[in-house]
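The structure under discussion appears below in the form of structure tokens.
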Amino acid sequence: MTTDATTSATLASMPRAEFASPGPLRDQLVAAILNGSKTSTTGLLVDYEHEGEPLPKVESRSVVIDSEDRPVAVIEINGVRVVPLAQVDLAHVVDEGEGDTSVAEWRAGHERLWHSEEMRAALQDLEFTVDDTTLAVLERFRLITDLRLAD
């Protein structure tokens, strides 16, 4: 049985939360959300601006999509900060649930993504790079519903 928060109509009206591209990394991130070890994520302000998307709002909910394009969870944003990359702290890094144990390790992994051909193509800037002043959008969220249990 589903609750009001997880009816098909409600899920269809929610924005989709897609972590990474479909594949092993998305599978890892979704599993971390479902087991509670991932409660934060990072985007770049320039990406939001390029896509014309508003920043996430506290208390907004979205449906997490797995690599097979299935809704698997509902999350709720409980914090949003925009900070220069140089100000990302270890607590945020650890709460991303990717196993990083230092900000430097986290940053190196994220820079590989942000400097990838895919990201540069998405931003339509083949020279795009980040530095300490690049503005990052740090989101904190909590798992509201594990949709795998609602079946």
Side-chain angles (χ1 to χ4, degrees), residues 9-148:
T10 302
L11 291 176
S13 70
M14 284 184 189
R16 292 165 55 106
E18 298 180 41
F19 292 83
S21 297
L25 180 56
R26 180 178 290 177
D27 295 341
Q28 173 191 342
L29 298 176
V30 168
I33 291 167
L34 292 169
N35 73 26
S37 62
K38 180 170 182 62
T39 59
S40 72
T41 194
T42 307
L44 295 179
L45 183 61
V46 67
D47 196 21
Y48 284 93
E49 292 171 342
H50 181 78
E51 295 297 321
E53 291 182 15
L55 292 180
K57 295 197 182 316
V58 172
E59 297 184 0
S60 64
R61 292 184 176 187
S62 55
V63 60
V64 176
I65 304 300
D66 72 6
S67 288
E68 274 73 56
D69 205 37
R70 295 178 303 219
V72 294
V74 175
I75 58 173
E76 180 179 81
I77 304 297
N78 56 14
V80 178
R81 295 184 296 151
V82 178
V83 301
L85 279 175
Q87 292 180 17
V88 174
D89 56 40
L90 184 58
H92 179 80
V93 166
V94 170
D95 289 346
E96 279 209 3
E98 297 179 38
D100 295 319
T101 57
S102 72
V103 174
E105 180 183 18
W106 169 88
R107 177 124 169 216
H110 279 69
E111 284 190 15
R112 281 191 296 278
L113 168 68
W114 293 329
H115 295 159
S116 69
E117 287 182 31
E118 181 180 55
M119 180 69 164
R120 289 174 170 166
L123 292 174
Q124 298 174 325
D125 181 353
L126 300 180
E127 307 280 321
F128 178 75
T129 59
V130 299
D131 62 27
D132 284 349
T133 65
T134 302
L135 294 177
V137 179
L138 309 184
E139 291 180 58
R140 297 189 83 55
F141 57 84
R142 65 187 183 105
L143 178 64
I144 298 294
T145 307
D146 183 337
L147 297 172
R148 300 168 310 158

### Query
Nearest 0.5 Å, what's the CG-CG distance between D132 and L85?
7.5 Å
### Query
Taking C-beta and beyond as the side chain, do R61 and I144 meet within less than 4.5 Å on heavy atoms?
yes
### Task
Kindly say whether L138 contributes a backbone atom to a donor-acceptor pair with the side chain of R81 at under 3.5 angstrom?
no
### Minimal non-hydrogen separation, S67 against G23, with atom names
OG-N, 2.9 Å
### Query
How long is the gap from NE2 on H110 to CD on E105, to the nearest 0.5 Å?
11.5 Å
### Query
Where do L45 and V82 come nearest, in terms of heavy atoms and distance?
CD2-CG1, 4.3 Å
### Task
Count the heavy atoms of every other residue, nucleotide or ligand shown that sit under 6.0 Å from CD of E68, and state whether that count exceeds 12.
yes
### Query
Heavy atoms, side chains only, cut-off 4.5 Å: are P84 and T134 in contact?
no
### Task
Please indicate whether E117 has more than 12 foreign heavy atoms, meaning atoms of other residues, nucleotides or ligands, lying under 6.0 Å from its CD.
no
### Summary
Rounding to 0.5 Å, atoms CG (L29) and NZ (K38) come to a distance of 5.0 Å
### Message
For D146 versus V72, what's the shortest heavy-atom pair and its separation?
### Response
OD1-O, 3.6 Å
### Query
If every non-hydrogen atom of V58 is compared with every non-hydrogen atom of V80, which pair is closest and at what distance?
CG2-N, 4.2 Å
## Note on the structure
So CG of L44 and NE2 of H50: to nearest 0.5 Å the spacing works out to 12.5 Å
### Task
Look at the rings of W114 and W106 and say which category their plane angle falls in: under 30° parallel, 30 to 60° tilted, over 60° perpendicular.
perpendicular
### Query
Side chains of T42 and V93: closer than 4.5 Å at any heavy-atom pair?
no
### Query
Is a donor on one side and an acceptor on the other found under 3.5 Å between the side chain of H92 and the backbone of S40?
no
### Message
Working to the nearest 0.5 angstrom, can you tell me the gap between F141 CZ and T39 OG1?
### Response
6.5 Å
### Query
Between R120 and F128, is there a donor-acceptor pair closer than 3.5 Å when you use the side chain of the first and the backbone of the second?
yes
### Task
Hey, could you give me the CZ/CD distance between R26 and E18, rounded to the nearest 0.5 Å?
4.5 Å
### Result of checking V64, V63, L34 against L147 for side-chain contact (heavy atoms from CB on, under 4.5 Å)
V63
### Message
I'd like to know whether L123 forms a side-chain contact (heavy atoms from CB on, under 4.5 Å) with D47, so could you lay out the CA-CA distance, the side-chain angles of the two residues, the decisive distance to 0.1 Å, and finally the verdict.
### Response
CA-CA 7 Å; L123 292 174; D47 196 21; 3.8 Å; yes
### Task
Look at R148 together with D66 and state whether they make a salt bridge at an N to O cut-off of under 4.0 Å.
no
### Main-chain N/O of I77 paired with E139 side-chain donor or acceptor, under 3.5 Å
no
### Nearest heavy atoms of E111 and V130, plus distance in Å
CG-CG2, 3.6 Å
### Query
With distance as the sole test, does D27 use its side chain to make a donor-acceptor pair with the main-chain N or O of V30 at under 3.5 Å?
no
### Task
Heavy atoms only: give me the nearest M119-L113 pair and the separation to one decimal.
CB-O, 3.4 Å
